[in-house]
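Single-structure report; data block below.
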Amino acid sequence: MSKFSDRGNIIRQQAKDLVLDFMRNNPACQPNSTGMKLAEIFRECGFDWGDYPKTTSSNQQYWVGAIVQELKSEGKVERVSESGPWRLL
């Protein structure tokens, strides 16, 4: 693995830890709570770079979508409904 891949792995883990820590500290994300939409998590965690040509803010959210899917696969979060908000398990 290259040093760039290693650094990328570290950044992904830090981003995942940031999202999980944010959710643990937000009342809306607690188990049995209403949950929080991905766009809100994305913005509150500071991942929004702003709008750029062909890279709008809403396009940038896909990375956070992958993070919550990874956390879901680890049994740490759940999606309240098919297109709805996310919360801790």
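All residue numbers refer to positions in the sequence shown, counting from 1. These numbers were taken from a predicted model, which means no experiment stands behind them.
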Within one Ile-Leu-Val-Met-Phe-Trp-Tyr cluster: Trp49 and Trp63, side-chain cutoff 4.5 Å: no
Side chains of residues 13-22: which donor-acceptor pairs under 3.5 Å do they make with residues two or more places apart or in other chains?
unit_1	atom_1	unit_2	atom_2	d
Gln13	NE2	Asp17	OD1	2.8
Lys16	NZ	Glu74	OE2	2.5
Asp21	OD1	Asn25	ND2	3.1

Gap between atom SG of Cys45 and atom CD1 of Ile67 - 0.5 Å precision: 8.0 Å
Donor-acceptor contact present, side-chain Gln30 to main-chain Gly35, <3.5 Å: no
Derivation and outcome, side-chain contact (heavy atoms from CB on, under 4.5 Å), residues Phe42 and Gln60: CA-CA 9 Å; Phe42 163 75; Gln60 297 167 31; 3.7 Å; yes
Sidechain-backbone polar pair: Asp51 side chain, Thr56 backbone, donor-acceptor under 3.5 Å: no
Spacing of CZ belonging to Arg79 relative to NZ belonging to Lys37, to within rounding of 0.5 Å: 10.5 Å
For residues 82-89, which side-chain N or O atoms pair as donor and acceptor with protein atoms under 3.5 Å away, sequence neighbours left out?
unit_1	atom_1	unit_2	atom_2	d
Arg87	NE	Glu78	OE2	2.7
Arg87	NH1	Ser33	O	2.7
Arg87	NH2	Glu78	OE2	3.0

Rounded distance (nearest 0.5 Å) linking atom CE of Met36 with atom CZ of Arg43: 9.5 Å
Least distance between heavy atoms, Leu38 atom then Val68 atom: CD1-CG2, 3.9 Å
